[in-house]
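Presented below is the structure to which this report refers.
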Amino acid sequence: MKSKLFAVSDSINGTQLKATRKKLKLTQAEFARLANVSVKTVERWESGKKPVTGPIVTLIKVLKEFPQIQETLKIPAQVYPMRLLYLYYEDICTIIDVNERERMVKIYNYTKDYALRAFGRNETPTYEQYEAFLESRCFPRTRDKMKLILKDLDLPFYEPLMIIEKTQGRMAEDNFWIKIERKV
């Protein structure tokens with residue numbers, strides 16, 4: 001028999017899982033989203049007679065020890081008409097809510113690594129800093145043959161947000177990208 005390397009059980013029962021979910025004040029649907037599974041899976045785990053195994057056991061252990069983690073991962077309601085998700089591969093690093101008319105910006109960081117954050121250490125960027133960030137995710141204004149690139153993108157002029165809507169702010173040298181959401 002192999003000795004344990006980590007102090008995590010091999011399994012938990014549905015009652016333990018349900019008690020942890022309720023302690024966190026999460027519905028089955030909310031817990032399913034946190035655990036990246038379907039609501040049916042959570043229902044099956046909680047009502048099942050068989051032990052629950054797999055990565056969920058480790059997640060439950062972590063949530064029992066550090067319940068505040070689920071709060072730090074929660075995405076807040078959108079406060080301004082436009083929301084940009086700044087991602088590294090598929091991980092959300094920074095959420096940027098923007099009110100273009102009022103020139104206001106509110107950000108939420110989801111990583112402690114400043115190199116992965118949209119504004120690094122800056123927690124309260126100005127609208128001008130937001131505009132500079134957008135431009136940093138585009139090709140330079142001074143790029144040779146820029147008019148041809150704009151034509152390929154079907155854009156009438158150089159405007160960083162419009163370019164990002166077409167390119168997702170993807171750059172050849174990194175794995176960051178931007179998803180834009182607008183309130184309807």
Side-chain angles (χ1 to χ4, degrees), residues 21-43 59 63 66-141 143 146-147 149-184:
R21 175 181 62 78
K22 287 191 172 265
K23 184 178 177 186
L24 296 170
K25 297 181 175 92
L26 295 174
T27 65
Q28 285 183 330
E30 291 167 336
F31 185 78
R33 285 197 297 263
L34 176 62
N36 240 347
V37 297
S38 69
V39 176
K40 289 274 187 213
T41 298
V42 174
E43 291 170 355
L59 178 61
L63 288 170
F66 306 100
Q68 69 279 10
I69 285 176
Q70 62 104 11
E71 282 301 320
T72 65
L73 294 174
K74 252 188 197 160
I75 294 176
Q78 188 171 334
V79 295
Y80 295 141
M82 184 171 56
R83 173 168 276 181
L84 286 75
L85 286 80
Y86 183 60
L87 300 106
Y88 182 66
Y89 291 99
E90 296 302 316
D91 292 333
I92 297 172
C93 298
T94 303
I95 292 177
I96 309 164
D97 282 353
V98 182
N99 182 332
E100 293 176 297
R101 182 173 292 165
E102 305 285 329
R103 297 180 58 85
M104 297 173 69
V105 178
K106 172 109 177 93
I107 68 165
Y108 309 90
N109 288 309
Y110 290 89
T111 177
K112 292 187 184 303
D113 186 342
Y114 297 122
L116 298 178
R117 292 178 173 190
F119 300 94
R121 293 179 185 272
N122 186 350
E123 297 280 343
T124 54
T126 64
Y127 193 82
E128 291 73 21
Q129 290 167 324
Y130 156 74
E131 289 178 313
F133 165 75
L134 289 181
E135 194 156 340
S136 76
R137 297 306 306 169
C138 300
F139 53 87
R141 286 181 188 270
R143 179 141 182 201
M146 181 179 64
K147 288 185 180 185
I149 297 167
L150 291 172
K151 185 178 179 189
D152 285 346
L153 292 172
D154 196 29
L155 294 174
F157 50 86
Y158 186 94
E159 205 296 307
L161 189 60
M162 289 170 46
I163 294 168
I164 288 170
E165 286 177 315
K166 298 278 187 167
T167 65
Q168 295 183 316
R170 293 183 188 268
M171 308 288 272
E173 64 274 0
D174 65 29
N175 294 296
F176 291 96
W177 62 287
I178 298 170
K179 179 179 176 186
I180 299 174
E181 300 174 348
R182 297 181 193 273
K183 278 186 183 178
V184 191

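Side chains included, hydrogens not; waters and symmetry mates left out as well; all remaining heavy atoms used. Positions are given from 1 along the sequence.
Atom CG of Asp113 is surrounded by more than 12 heavy atoms from other residues, nucleotides or ligands within 6.0 Å. Under a cut-off of 6.0 angstrom, the local environment of NZ in Lys147 is sparse, with at most 12 non-hydrogen atoms contributed by other residues, nucleotides or ligands.
Evaluation of the ring pair (Phe, Tyr, Trp, His ring centres under 6.0 Å) rule for Tyr114 yields no partner, not counting sequence neighbours. Partners of Lys25 by side-chain contact (heavy atoms from CB on, under 4.5 Å), not counting sequence neighbours: none found. Residues passing the side-chain contact (heavy atoms from CB on, under 4.5 Å) test with Ile149, sequence neighbours excluded: Phe139, Arg143, Leu153. Listed by chain and residue number, Val37, Val39, Val42 satisfy the side-chain contact (heavy atoms from CB on, under 4.5 Å) test with Ala32 (two or more places apart in sequence, or in another chain). Under the rule for a side-chain contact (heavy atoms from CB on, under 4.5 Å), the partners of Ser136 that lie at least two apart in sequence or sit in another chain are Phe133. With sequence neighbours left out, the side-chain hydrogen bond (donor to acceptor under 3.5 Å, both in side chains) criterion links Ser38 to Thr41. Under the salt bridge (charged side-chain N to carboxylate O under 4.0 Å, His left out) criterion, Lys22 pairs with no residue at all, not counting sequence neighbours.
Pairs engaging residues 155-167 under the side-chain hydrogen bond (donor to acceptor under 3.5 Å, both in side chains) rule: Glu165-Arg182 [sequence neighbours left out]. Sorted by first and then second residue, the pairs that involve residues 73-84 and meet side-chain hydrogen bond (donor to acceptor under 3.5 Å, both in side chains), not counting sequence neighbours, are Glu71-Lys74, Arg83-Asp97.
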Name every donor-acceptor pair, under 3.5 Å, that has one atom in a side chain of residues 169-178 and the other anywhere in the protein, sequence neighbours excluded.
{"unit_1": "Arg170", "atom_1": "NE", "unit_2": "Gln168", "atom_2": "OE1", "d": "3.0"}
{"unit_1": "Arg170", "atom_1": "NH2", "unit_2": "Gln168", "atom_2": "OE1", "d": "3.2"}
{"unit_1": "Asp174", "atom_1": "OD1", "unit_2": "Arg137", "atom_2": "NH2", "d": "3.1"}
{"unit_1": "Asp174", "atom_1": "OD1", "unit_2": "Phe176", "atom_2": "N", "d": "3.2"}
{"unit_1": "Asp174", "atom_1": "OD2", "unit_2": "Arg137", "atom_2": "NH1", "d": "2.8"}
{"unit_1": "Asp174", "atom_1": "OD2", "unit_2": "Arg137", "atom_2": "NH2", "d": "3.4"}
{"unit_1": "Asn175", "atom_1": "ND2", "unit_2": "Tyr89", "atom_2": "OH", "d": "2.8"}
{"unit_1": "Trp177", "atom_1": "NE1", "unit_2": "Tyr89", "atom_2": "O", "d": "2.5"}

Under 3.5 Å, which donor-acceptor pairs link side chains of residues 100-108 to any protein atom two or more places apart or in another chain?
{"unit_1": "Arg103", "atom_1": "NH2", "unit_2": "Glu128", "atom_2": "OE2", "d": "2.9"}

Distance-only donor-acceptor pairs under 3.5 Å for side chains of residues 115-125, two or more places apart:
{"unit_1": "Arg117", "atom_1": "NE", "unit_2": "Thr111", "atom_2": "O", "d": "2.8"}
{"unit_1": "Arg117", "atom_1": "NH1", "unit_2": "Glu123", "atom_2": "OE2", "d": "2.7"}
{"unit_1": "Arg117", "atom_1": "NH2", "unit_2": "Thr111", "atom_2": "O", "d": "3.0"}
{"unit_1": "Asn122", "atom_1": "OD1", "unit_2": "Thr124", "atom_2": "N", "d": "2.9"}
{"unit_1": "Asn122", "atom_1": "ND2", "unit_2": "Gln129", "atom_2": "OE1", "d": "3.1"}
{"unit_1": "Glu123", "atom_1": "OE1", "unit_2": "Asn109", "atom_2": "ND2", "d": "3.4"}

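Put simply, SG on Cys93 and OH on Tyr86 are 7.0 Å apart, with the number rounded to the nearest 0.5 Å.
Across all their heavy atoms, Glu30 and Leu26 have their closest contact at OE1-CA, 3.3 Å. Of all heavy-atom pairs spanning Leu87 and Leu85, the tightest one is CD1-O, 3.2 Å.
Looking at Met162 and Ile164, their side chains never come closer than 4.5 Å, going by heavy atoms from C-beta outward.
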Inset, instruction - Step by step, work out the salt bridge (Lys or Arg N to Asp or Glu O under 4.0 Å) result for Glu135 and Arg141. - result: CA-CA 9 Å; Glu135 194 156 340; Arg141 286 181 188 270; 2.8 Å; yes

